[in-house]
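Reading through the C-alpha cells given below for one structure.
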2 protein chains.
Amino acid sequence: MISKACKYGIRATIFVASKQEEGIKLNIKDIAREVDAPEAFTAKILQVLNKNRIITSLKGPYGGFYIEDYQLEQPVINIVNAIDGMSVFQECGLGLKQCSATHPCPMHDQYKIARDALLDAFQNTTIGQLAEQVNEGGSYIKNLHY
Amino acid sequence: MISKACKYGIRATIFVASKQEEGIKLNIKDIAREVDAPEAFTAKILQVLNKNRIITSLKGPYGGFYIEDYQLEQPVINIVNAIDGMSVFQECGLGLKQCSATHPCPMHDQYKIARDALLDAFQNTTIGQLAEQVNEGGSYIKNLHY
DNA sequence: TTCATAAAGGATAATTTTATCCTTTATGAA
DNA sequence: TTCATAAAGGATAAAATTATCCTTTATGAA
C-alpha cells in the first residue's frame, strides 16, 4: 500500500524537520543513518522530495538538506503523493479497476472506512507536528537496533 | 499492503462461494475469467487456498473447486492470512521494525486507527456474506471491461 | 483397465520495487 | 580561480512479486 520508499521518505522528512531549529543542513549520510534507511536509496528519495518542494536542498560544501517554515506546515499526505501518488486513497480493496458506490466490490463500504481513516491520518497531520513529537522525545523514527 | 495475489485470491474465493448453491465444481479457467485474474497465476493461488482449507479442490474429470458449508463461515481475514500473512495488521505506518505504544513512531496512534479499521473489516466479514452480496446483484468481483 | 480431464507441482520468465555505484554539476570558501 | 564538498543524475544490479508454461499426479466414467 504505502511503499518502502515512501516510508523512508516520511521518516527522512521528519528527521530533517526535527533539526530545523538548529539551523543546520543535513547530508544524505547522516539522514540515512538517523532513520535507518539505505543511503543510496535515500539519496534518490531525497531528490524526489526536493523536486516536490517537500524539503529543500543546496549543493556544494556547506550544502545539504533542510526544511523551510512553510514546508513544516505541509500535511504528510504531500509526501505520499510525491512518492507513491494518491492511488492508495482511491484503490479498491479487492483490486477492481473501477470500484465505487455505483459499481462496488462486495467489501467496498467496509474497506472505504479503513481507507478514509488512512486518508484522514495523512491529511490532517503536518510534518511539523510529527517533528515536534519526535523532539519532545515521545516517539521515534529510528529502529531500536537490529 | 494487500498483495495482488491476495486480492485475486479473495475475488476467486467469493466467486467459488457464490456458486455453492448450484452444487457445481468450477475449473481454473472459468474462475480466472470470472474474476479478471491471470489464469496461471490464479491456479497457483487456488492451490494455496486449497492447502489452507479456504476452498476445496478435487482432481480429475468432474473435478474442480468448490466451497463447503463450514468454509462459507470463515472470515475473509483467513484468506489474507493464507496468502499474505498477518503482518499487514501489525506493521508500522512508517516502516519501523518495532512500533508499539512503548516505542511508537510519530504516526502510531493515527495509523493504528486505520489499520484496526482494516482488521475489523476483514475479521468481521465472512466469505458467505460477500458471496451473498454478489448473488443479490448489489456488488461485483469482475471489472466492467478494460 | 484405459483414457480423457483437471488440479498439483516444478522450473522459469517478466515486471516492479528496492538498492548501489559512479560521474556530473553546483556551490562557496580560501 | 581553484578546489574540496555535497547533491543530482545516469546506468545497473539485486530482490521481490507477478506471471507463464510444461510435466506429473489423481480421478472417475466408459
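Within every chain, numbering begins at 1; the chains are lettered A, B, ... in the order of the sequence lines, protein sequences first and strands thereafter. Fair warning: this is a prediction, and the values are worked out from it, not measured in the lab.
Backbone-only engagement by Leu26(A) is indicated by non-hydrogen atom pairs under 4.0 Å involving sugar-phosphate atoms exclusively. The residue Lys44(B) sits close to a base: some heavy atom pair falls under 4.0 Å. Using a 4.0 Å heavy-atom distance criterion, Leu46(A) is classed as making no nucleic acid contact. As judged by a 4.0 angstrom heavy-atom cut-off over every strand, Ile55(B) is placed among residues making no nucleic acid contact. Ile28(B) comes within 4.0 angstrom of the backbone, heavy atoms only, and of no base. Counting non-hydrogen atoms under 4.0 angstrom, Tyr62(A) reaches the backbone sugars and phosphates but no base. Within the 4.0 angstrom heavy-atom criterion, only backbone atoms of the sugar-phosphate kind lie near Lys51(A); the bases stay farther away.
Atom-to-atom, NZ of Lys7(B) to P of dA19(D) comes out at 12 Å; the value is rounded to the nearest Å. Taking atom CZ of Phe65(A) as the reference point, atom P of dT5(D) lies 18 Å away to the nearest angstrom. Taking atom NZ of Lys25(A) as the reference point, atom C1' of dA6(D) lies 11 Å away to the nearest angstrom. Rounded to a whole Å, the CE atom of Met1(B) is 19 Å from the C1' atom of dA16(D). The separation between Asp30(B) atom CG and dA6(C) atom P is 9 Å, rounded to whole Å. Here dA8(D) presents its C1' atom at 15 Å from CD1 of Ile45(A), a figure rounded to the nearest Å. In this structure, Glu39(A) places its CD atom 11 Å from C1' of dC21(C), rounding to the nearest Å. The CG-C1' distance, from Asn50(B) to dT25(D), rounds to 14 Å in whole Å.
Closest-nucleotide positions on DNA chain C for Gly60(A) and Ile2(A) were compared, and the one nearer the 5' end corresponds to Ile2(A).
Checking dG9(D) for Watson-Crick or G-U wobble geometry (two distances, each under 3.5 Å) identifies dC22(C) as its partner. Pair assignment for dG28(D) gives dC3(C), based on Watson-Crick or G-U wobble hydrogen-bonding distances that are each under 3.5 Å. The base-pairing partner of dA14(D), taking Watson-Crick or G-U wobble contacts with both distances under 3.5 Å, is dT17(C).
A sub-4.0 Å separation between OP1 or OP2 of dA19(C) and a side-chain N or O of Lys4(A) is present. OP1 or OP2 of dA19(C) sits under 4.0 Å from a side-chain N or O of Tyr8(A). A close approach under 4.0 Å does occur between a side-chain nitrogen or oxygen of Gln47(A) and OP1 or OP2 of dG9(D). The phosphate of dA8(C) has OP1 or OP2 within less than 4.0 Å of a side-chain N or O from Ser57(B).
For Ser3(B), taking side-chain heavy atoms from C-beta onward, the closest of the listed nucleotides dT18(C), dT20(D), dT18(D) is dT18(D). Here dA7(C) is the nucleotide among dA7(C), dC21(C), dT18(C) with the atom lying nearest to any side-chain atom of Asn27(B). The listed nucleotides are dA6(D), dA19(D), dT18(C); the one nearest the side chain of Lys59(A) is dA6(D). Each of dG28(C), dA7(D), dT27(D) was ranked by its minimum atom distance to the side chain of Pro61(B); first place goes to dT27(D). The Phe41(B) side chain lies nearest to dA19(D) when the options are dT20(C), dT18(C), dA19(D).
Rounded to the nearest 0.5 Å, atoms CG (Leu130(B)) and OG1 (Thr125(B)) are 6.0 Å apart. Distance check, rounded to the nearest 0.5 Å: CG of Leu94(A) to NZ of Lys142(B) gives 16.0 Å. A distance of 8.0 Å separates CD1 of Ile14(A) from CE of Met107(B), quoted to the nearest 0.5 Å. Rounding to the nearest 0.5 angstrom, the gap separating the NZ atom in Lys51(A) from the CG atom in Leu46(A) is 12.0 Å.
In summary, of the residues considered (Ile127(B), Leu49(B), Val76(B)), a side chain to side chain contact (heavy atoms under 4.5 Å, CB included) with Ile10(B) occurs for Val76(B) alone.
Between Tyr8(A) and Asp36(A), the shortest heavy-atom distance links the atoms CE2-O, 4.3 Å.
The residues Lys112(B) and Asp109(B) are annotated as not salt-bridged, no charged nitrogen and carboxylate oxygen being separated by less than 4.0 angstrom.
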